[in-house]
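Have a look at the structure below before the remarks.
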Amino acid sequence: MKRILIANRGEIALRVLRACRDLGLSPAVVYSDADRDSLPVRLADAAVAIGPAPAAESYLNIDAILEAARRAGADAVHPGYGFLAENPKFARACADAGFVFIGPPAQAMALVGDKVEARRLMKKRGVPVIPGLTERAADLETFRKFARRAGYPIILKAAAGGGGKGMRVVRAEGELESAFRGARSEAKSAFGDDGVYAEKLLENVRHVEIQVLADGKGLAVHLGERECSVQRRHQKLIEEGPSVALGPKLRRAMGELALEVVKASGYRNAGTVEFLLDGDGNPYFMEVNARIQVEHPVTEMITGIDLVRAQIAIAAGEPLSIRQESIKPRGWAIECRIIAEDPEQGFRPSPGRIAALRVPAGPGIRVETALQQGETVSLYYDPLVAKLIAWGRDRAEAIARMRRALDEFLISGIRTTIPFHRQVMDDAEFAAGRIDIGWCDRALPRLSAALAGPGRDAEAAAIAAALAAHLEAGRTVAAEPGNAVSPWVLDGRRALMQGRVLPRA
Ligand code: ADP
């Protein structure tokens with residue numbers, strides 16, 4: 001392999017690009033009209049336009065991407081996550097066109113990509129699955145019978161599901177019919193497949209997932225867990241590793257279950273096996289994510305293993321060089337997803353132009369973002385604009401560093417989830433690790449109240465006070481000759497000293 005075409009955009013395109021550089025490989029990227037000036041385009045060795053902004057006409061266009069790979073002279077394709085990453089047709093098309101696909105074989109992808117198929121297979125192999133149907137059902141009666149047997153609440157899920165789409169919680173029989181119709185039509189429009197099945201809704205459980213690497217030559221390792229229980233509407237907001245809920249015994253047991261899943265499905269490359277974990281320490285298999293995941297840096301920070309590099313090495317046919325015994329997680333890592341949504345307005349989308357950008361750094365901090373000042377965050381793509389990862393020797397240190405980094409992080413021009421994360425880092429329940437998949441919904445009222453509380457407008461107040469002091473001093477805007485510091489800054493500092501503006505608590 002010499003040149004890799006990155007069939008993605010944003011932070012994950014940049015992440016893969018960096019792995020290519022570290023390996024001495026040449027990165028090429030594709031881009032839509034909306035991403036012409038993006039950072040991955042600027043940093044890649046080659047960039048190929050693939051179409052207009054809407055993803056269906058660019059990042060989801062298999063023919064356009066294969067043509068780009070040919071034009072760029074690439075010999076491999078990395079799909080990142082989202083878009084075509086878990087589309088077996090794309091994996092197959094890449095292989096058929098003579099490109100190495102950096103991911104699992106199409107067959108394994110198709111197998112684990114169908115949640116019903118995966119459940120059936122795992123059940124057969126003795127892996128505990130969430131109680132529920134092991135078949136798609138097209139009639140209401142099957143769901144009614146299941147729900148009466150298992151008891152409400154239940155959850156309807158799209159067999160081809162992903163990204164929380166096609167999922168409906170049903171708390172009583174009266175809600176079943178409309179939920180069923182809703183789930184089916186949402187599944188049909190999102191995945192072109194209206195297959196739906198049902199599971200028992202597990203409550204007070206944690207989302208715990210196991211990262212695996214498999215070389216397809218019989219070697220596979222698990223790299224420990226990530227806990228992703230802080231979710232809103234079934235979407236992850238904060239991930240961490242390790243999980244406070246796992247001791248060495250359960251960690252080993254879940255790791256072995258994950259490897260059983262890998263073996264059963266003929267899986268190769270990096271993957272994640274997701275479980276729900278109940279209060280008694282019983283894991284239930286949920287699904288396999290056949291790609292590199294958004295939250296992979298959490299595992300990288302505690303194991304020191306570069307997962308994207310490992311993906312490329314495996315795809316190049318190299319045998320796995322990592323041994324299970326040598327994987328020794330160290331410390332604690334937490335990731336906050338910085339999303340272009342306004343947490344003060346019910347997480348309403350907040351597109352716009354990035355007026356100013358200040359990215360945190362310092363001990364234990366890692367930032368994954370392709371954001372640039374002046375760039376526009378559009379509504380065309382996923383609103384994840386940055387990932388902030390903090391590492392510490394223990395959970396408390398990771399939280400403290402995360403707090404510091406969130407305070408440094410400035411993205412102006414749009415609203416983001418930074419203030420929400422800042423509140424979570426101060427929350428006593430979160431600090432104690434008392435979280436489950438319903439925690440965020442329960443905590444949101446108190447977190448929102450804090451968001452709207454004093455301190456919220458500190459920045460605006462600081463600007464207003466600096467302005468007032470400046471006007472009082474009767475200065476002009478132009479800097480005085482020989483004075484490197486702007487009079488604005490001097491007046492702002494004076495206002496601070498006079499106690500008109502309090503530094504943030
Ligand atoms: P998707 O593939 O669409 O992301 P998943 O199957 O991974 O959907 O589930 C996403 C989230 O939905 C889980 O992390 C969990 O919070 C919730 N969830 C899924 N299945 C159940 C269930 N049976 N009981 C309770 N919560 C569930």
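When a ligand or atom number is given, it counts from 1 through the structure's own listing order.
Residue-ligand proximity, Met167 to ligand 1, at heavy-atom distances under 4.0 Å covers atoms 8 (O), 12 (O). Atoms of ligand 1 lying under 4.0 Å from any heavy atom of Gly162, numbered from 1 in the order shown and given with element: 1 (P), 2 (O), 3 (O). Numbered from 1 in the order shown, with element, the atoms of ligand 1 that lie under 4.0 Å from a heavy atom of Lys157 read 6 (O), 19 (C), 20 (N). The Glu274 neighbourhood of ligand 1 comprises atoms 7 (O), with distances under 4.0 Å to a heavy atom of that residue. The atoms of ligand 1 that sit less than 4.0 Å from any heavy atom of His234 are 10 (C), 11 (C), 12 (O), 17 (C). Ligand 1 places these atoms under 4.0 Å from at least one heavy atom of Ile130: 23 (N). Near Gln231, with a cut-off below 4.0 Å to any heavy atom, the atoms of ligand 1 are 11 (C), 13 (C), 14 (O), 15 (C), 16 (O). Of all atoms in ligand 1, numbered sequentially from 1 with element shown, those under 4.0 Å from a heavy atom of Gly164 are 1 (P), 3 (O), 4 (O).
A heavy-atom separation below 4.0 Å is found between Lys200 and ligand 1. Using a 4.0 angstrom heavy-atom cutoff, Lys115 counts as in contact with ligand 1. Under a 4.0 angstrom heavy-atom cut-off, Lys236 registers as lying outside contact with ligand 1. Residue contacts with ligand 1: Val205 is excluded, as none of its non-hydrogen atoms falls under 4.0 Å.
Residues passing the salt bridge (Lys or Arg N to Asp or Glu O under 4.0 Å) test with Asp427, sequence neighbours excluded: Arg446.
Residue-level proximity to ligand 1 for Glu203 is absent, since no heavy atom of it falls below 4.0 angstrom.
Side chains of Trp439 and Glu429: a donor-acceptor N/O pair is present below 3.5 angstrom, by distance only.
Taking the six-membered ring where the residue is Trp, the centroids of Tyr59 and Phe83 are separated by under 6.0 Å.
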Requested in this report: Apply the test side-chain hydrogen bond (donor to acceptor under 3.5 Å, both in side chains) to residues Ser58 and Tyr31: give CA-CA distance (whole Å), side-chain angles for both, the deciding distance (0.1 Å), then the verdict.
Outcome: CA-CA 8 Å; Ser58 47; Tyr31 64 95; over 6 Å; no
Let me have the donor-acceptor pairs involving side chains of residues 241-249, under 3.5 Å, with sequence neighbours excluded, atom names and distances please.
residue, atom, partner, partner atom, Å
Ser243, OG, Glu227, OE1, 2.7
Ser243, OG, Ala245, N, 3.0

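Not one N or O on the side chain of Arg291 forms a donor-acceptor pair closer than 3.5 Å with the backbone of Gly80.
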